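What you see is a predicted model; the values in this text were computed from it and never measured.
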Amino acid sequence: YLENNLNTATSYTVQIVRYDSIFGPSITPPLSSKSTKDYGPFTLGASDNLGIPNFNGPDFIQLGPDIIPNNKILNRNITGAAMSPYVGIGNVSFNYKSGARAVITGSANNTNTIAASTDITLQITYVYCPTSILAINNLDFGVRKGSDRTVKIFWTKDMEQAHLQYDLQMSAGGKDFTVINTVESRLPEGSLSARYEFTYTVPEGIYGNIQFRLKQTDAAGVVDYSPVRSIEIGRNNMNGLALSVFPNPASQHINIKFSSMQNGTLLLELVNSVGQVIESFRVNGNTDLLNWNLRKQYQPGIYFVNIHNLSNGQQSVVKLLIR
């Protein structure tokens, strides 16, 4: 909108300038665009209300709606070390900012308003390759089952280098890996080879095919992975409760159905894939059905529900998929 506030007719030209920017990880500088469009010249009559805008009459003009720009495509390629914010699981956030202003010639004695709206599509195209083809060079990585629930993890690195970080990672579902130990590289005296060992105890409640891998990060932040190794962990023998958990997969609400009436105090625990109890509560028995509303919506993945009858010692573990 543009309105002439002079008491004489005046010729105006208008240039609209629009700015658009996208900010996000490794987008340096921001992905940005500037667009301009000119209007006029056109003559607006003398003010029809003693210089007070009323947005009508011969002293007023409305332009648009118009499109600037239309179907404009902006591209940015990100490679190498700049990709590190995108590696892993979770969310990536982008911020979009736009603005518009007018450059008006003819007279400063006017009233103008600009309204800008946006229809934007942000698309990420990416290429990835399995970690098996990014294996660490000169590395021999293995795992071996120990007694009970222990696993011995070992690796030998030929031509070892200084300032490397090794992260031992474990997964109970084969999808999400969690760091269980971190080791700095060492250079043995009189040898080009370094051997490392670590003993890990698989937490209670985790059983089945447990997977391990080694992540190597050098001083420049370049990451490589070892092949994935697996160990089968059996379920502990226990005087188990006969029950079922549903729905499974679940989101934030589950039901626990026992095959018989439970008396006494029940301890319920939600355990993540590395054996950490992330939520628990106690309830008096005298029921064969429990409803459990989780405190929050957890990240999708493999979890375990531990149920322990504190009165008679019966216990069961049920694998739960949260989506």
Side-chain angles (χ1 to χ4, degrees), residues 1-129 221 251-252 296-301 322-323:
Y1 301 137
L2 177 66
E3 186 161 19
N4 179 26
N5 293 332
L6 293 173
N7 58 6
T8 58
T10 304
S11 178
Y12 288 93
T13 61
V14 179
Q15 182 181 77
I16 303 297
V17 186
R18 180 188 173 101
Y19 303 90
D20 298 90
S21 297
I22 295 175
F23 304 81
S26 296
I27 303 182
T28 306
L31 193 62
S32 59
S33 173
K34 176 183 175 182
S35 307
T36 62
K37 194 162 188 177
D38 297 325
Y39 302 88
F42 38 76
T43 300
L44 299 183
S47 173
D48 59 5
N49 196 25
L50 299 178
I52 300 175
N54 58 7
F55 302 108
N56 58 49
D59 62 343
F60 170 76
I61 190 172
Q62 174 181 337
L63 305 176
D66 206 347
I67 298 174
I68 51 169
N70 188 26
N71 294 330
K72 187 173 182 65
I73 299 175
L74 304 178
N75 288 312
R76 174 72 55 84
N77 293 327
I78 300 174
T79 59
M83 283 298 299
S84 58
Y86 300 91
V87 176
I89 61 175
N91 298 322
V92 178
S93 297
F94 295 90
N95 295 318
Y96 171 69
K97 182 179 181 181
S98 67
R101 66 184 179 89
V103 179
I104 300 175
T105 58
S107 171
N109 200 350
N110 66 76
T111 299
N112 67 84
T113 302
I114 305 168
S117 62
T118 303
D119 184 4
I120 181 173
T121 299
L122 176 63
Q123 177 178 332
I124 300 176
T125 302
Y126 63 93
V127 178
Y128 76 97
C129 51
S251 56
Q252 204 170 342
K296 66 176 186 177
Q297 177 65 59
Y298 291 100
Q299 289 291 328
I322 291 181
R323 61 184 177 186

- [ ] Given side chain to side chain contact (heavy atoms under 4.5 Å, CB included), test Arg101 with Tyr19 step by step and report yes or no.
- [x] CA-CA 9 Å; Arg101 66 184 179 89; Tyr19 303 90; 3.3 Å; yes

Open item on the list: Tyr39 vs Asp66, test: side chain to side chain contact (heavy atoms under 4.5 Å, CB included). Steps then yes/no.
Closed with: CA-CA 11 Å; Tyr39 302 88; Asp66 206 347; 2.8 Å; yes

- [ ] Could you go through the side chain to side chain contact (heavy atoms under 4.5 Å, CB included) check for Tyr12 and Asn112 one step at a time?
- [x] CA-CA 12 Å; Tyr12 288 93; Asn112 67 84; over 6 Å; no

Task: CA sep, side-chain torsions, deciding dist, call: Leu2, Asn110, side chain to side chain contact (heavy atoms under 4.5 Å, CB included) - done: CA-CA 7 Å; Leu2 177 66; Asn110 66 76; 3.5 Å; yes

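Glu3 contributes no side-chain N or O that, together with a main-chain N or O of Thr111, makes up a donor-acceptor pair within less than 3.5 Å. Here the side chain of Arg18 pairs no donor or acceptor atom with the backbone of Ser33 at under 3.5 angstrom. Thr105 places no side-chain N or O within donor-acceptor distance of the main-chain N or O of Val103, the cut-off being under 3.5 Å.
Between Thr10 and Gly106, the shortest heavy-atom distance links the atoms CG2-O, 3.8 Å. Across every non-hydrogen atom of Asn5 and Pro53, the tightest pair is OD1-CG, 4.1 Å. Contact between Asp59 and Gly45 at its shortest, heavy atoms only, is CB-O, 3.3 Å. Ser251 and Ile322 make their closest contact through O-CG2, 3.9 Å (heavy atoms, listed as atom of the first residue, atom of the second, distance). In terms of heavy-atom proximity, Ala9 sits nearest to Thr43 at CB-CG2, 4.1 Å. Taking both residues in full, the closest heavy atoms of Asp48 and Pro58 are given as OD2-CD, 4.2 Å, listed atom of the first, atom of the second, then distance.
With rounding to the nearest 0.5 angstrom, the OG atom of Ser32 is 8.0 Å from the CZ atom of Phe23. Here CG of Leu31 is found 8.0 Å from CG of Asn75. Values are rounded to the nearest 0.5 Å. Taking CD of Gln299 as the start and CZ of Arg323 as the end, the distance is 16.0 Å to the nearest 0.5 Å. The line from CG of Asn7 to CG of Leu50 is 9.5 Å long, rounded to the nearest 0.5 Å. Remark: Ile16 CD1 to Ile114 CD1 distance equals 4.5 Å, nearest 0.5 Å. We find the CG-CZ distance between Asn49 and Phe55 to be 11.5 Å, quoted to the nearest 0.5 Å.
Within a 6.0 Å sphere centred on OH of Tyr1, other residues, nucleotides and ligands contribute 12 heavy atoms or fewer.
Considering only heavy atoms from C-beta on, Asn54 stays 4.5 Å or farther from Phe60 through its side chain.
The side chain to side chain contact (heavy atoms under 4.5 Å, CB included) test with Ile61 singles out one residue from Leu44, Val14, Asn4, and that residue is Leu44.
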